[in-house]
2 protein chains.
Amino acid sequence: MRPVPWNLGRATRQRAEIMEMLAKTAEFIGAQEVHNRLRQSGSTIGLTTVYRTLHALAEAGEIDTVRLDNGEQHYRRCSNGRHHHLICRHCARTVEIRGPGIESWAQAVAGAHDFVEVNHTLELFGTCASCRDVLDAGPDADRWMST
Amino acid sequence: MRPVPWNLGRATRQRAEIMEMLAKTAEFIGAQEVHNRLRQSGSTIGLTTVYRTLHALAEAGEIDTVRLDNGEQHYRRCSNGRHHHLICRHCARTVEIRGPGIESWAQAVAGAHDFVEVNHTLELFGTCASCRDVLDAGPDADRWMST
DNA sequence: TTTACAATGAAAACCATTTCCAACAAAATG
DNA sequence: CATTTTGTTGGAAATGGTTTTCATTGTAAA
């Protein structure tokens, strides 16, 4: 079996499947949906394993995460380097963007208030062009996702 | 009864209690804790009402909200004007900070990708000075809150 | 191999939040 | 003031994403 490309323990079929799924998915995706898609592809992977693996990958910094308004955690493989996301709140279409120099600003602000181990979250949410078209088409057309 | 200072329907005892609680609480606080504190003060308010009211206040822009890593939604009365927060991930101590000109940048980035109705979230998380001291004191001392 | 122990997964537990709905009370009306 | 209207309340039950439990399985080292 091909070794898993991240040092997170043993190489298993399930982890390879999840990596492959992430590799071919451009948008943010939730654990439940990863599980569904793998099952439909014939996998017998368990939901628990999907949750565990995605959580571990995120913790290791291998994938990005965003928390949607409804509380769901979504994941996405990310390119290297600092970046943020512009996410369509309807279809979850995602554009990876480079932020302005937030890092140094965050460090400075935190330091000024005696905070250490600083993280920051910066995400943009909006309505993408195609979703706007659908929405304009008529009311009651927005049944995709909670806002 | 003193009228509720926000146009969100009828003025009730419960809403006044919640407003008062928020008025004297400087830190971010969750719905459950608002409920607990009010009950300990002798109130008979229901948990459902607390959830409903906080949600409505947030929707109306009367209070700020942050989503913690564990999924809990916390609330805090906010000053007017654009600002962000520096939040201790252990004790939830909060410093209100003014961000750099994120708004215009967000608008520009979103526009460039044909997104409309743009929101953004920008929050800093860290460990405050006093929590760092406690943590340094010894392991197993960090039982406050999930990270 | 054999062994040690990490990983898996079905089911159950968790837990913040929401929904249901009958009782209640604020505001409007007569 | 009495009455009606209708938004509000709150206990219980439901929801739903995520985590825990634990017996079983599979990986990789010895």
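Below, all heavy atoms of this structure are taken into account, side chains as well, without hydrogens, waters or symmetry copies. In this text, all values refer to a predicted model and were calculated from it rather than measured experimentally. Proteins come first, then strands; the chains are lettered A, B, ... in the order of their sequence lines, and each starts at number 1.
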Above 12 or not: heavy atoms from other molecules or residues under 6.0 Å from NE2 of His55(B)? no

Nearest 0.5 Å please: distance from the [atom1] atom of [X] over to the [atom2] atom of [Y].
{"X": "His35(B)", "Y": "Leu54(B)", "atom1": "NE2", "atom2": "CG", "result": "11.5 Å"}
{"X": "Leu22(B)", "Y": "Thr53(B)", "atom1": "CG", "atom2": "OG1", "result": "9.5 Å"}
{"X": "Arg76(A)", "Y": "Thr25(A)", "atom1": "CZ", "atom2": "OG1", "result": "10.0 Å"}
{"X": "Tyr75(A)", "Y": "Glu62(A)", "atom1": "OH", "atom2": "CD", "result": "14.5 Å"}

The side chain of Arg39(A) is closest to which nucleotide in this list: dG11(D), dA27(C), dA10(C)? dA10(C)

Residue Gln32(A), side-chain atoms from C-beta onward, closest of dG17(D), dG9(C), dG10(D): dG17(D)

Starting at atom [atom1] of [X], determine the distance to atom [atom2] of [N], rounded to an integer number of angstrom.
{"X": "Arg67(A)", "N": "dG16(D)", "atom1": "CZ", "atom2": "P", "answer": "17 Å"}
{"X": "Asp69(A)", "N": "dG16(D)", "atom1": "CG", "atom2": "P", "answer": "18 Å"}
{"X": "Glu72(B)", "N": "dT19(D)", "atom1": "CD", "atom2": "P", "answer": "14 Å"}
{"X": "Leu47(A)", "N": "dA12(C)", "atom1": "CG", "atom2": "P", "answer": "15 Å"}
{"X": "His35(A)", "N": "dT19(D)", "atom1": "NE2", "atom2": "C1'", "answer": "15 Å"}
{"X": "Leu68(A)", "N": "dT17(C)", "atom1": "CG", "atom2": "P", "answer": "16 Å"}
{"X": "Asn70(B)", "N": "dT19(D)", "atom1": "CG", "atom2": "P", "answer": "10 Å"}
{"X": "His74(B)", "N": "dT17(C)", "atom1": "NE2", "atom2": "P", "answer": "7 Å"}

Across all chains, not counting sequence neighbours, the side-chain contact (heavy atoms from CB on, under 4.5 Å) partners of Asn36(A) are none

Using a heavy-atom cut-off of 4.0 Å across all strands, would you classify Gln73(A) as base, sugar-phosphate, or nothing? sugar-phosphate

Under 3.5 Å, is there an N or O donor on one side and an acceptor on the other linking the side chain of Thr48(B) and the base of dG11(D)? yes

Report the relative orientation of the aromatic rings in Trp105(A) and His84(B); use parallel for angles under 30°, tilted for 30 to 60°, perpendicular for over 60°. perpendicular

Below 3.5 Å is the cut-off: list the nitrogen or oxygen pairs between protein and nucleotides 5-8 of chain D, distance only.
from, atom 1, to, atom 2, distance (Å)
dT6(D), O2, Arg10(B), NH1, 3.2
dT6(D), O2, Arg10(B), NH2, 3.2
dG7(D), O4', Arg10(B), NH2, 3.3
dG7(D), N3, Arg10(B), NH1, 3.4
dT8(D), OP1, Arg10(B), N, 3.3
dT8(D), OP1, Arg15(B), NH1, 2.9
dT8(D), OP1, Arg15(B), NH2, 3.1

Does dT18(D) have its OP1 or OP2 closer than 4.0 Å to a side-chain nitrogen or oxygen of Tyr51(A)? yes

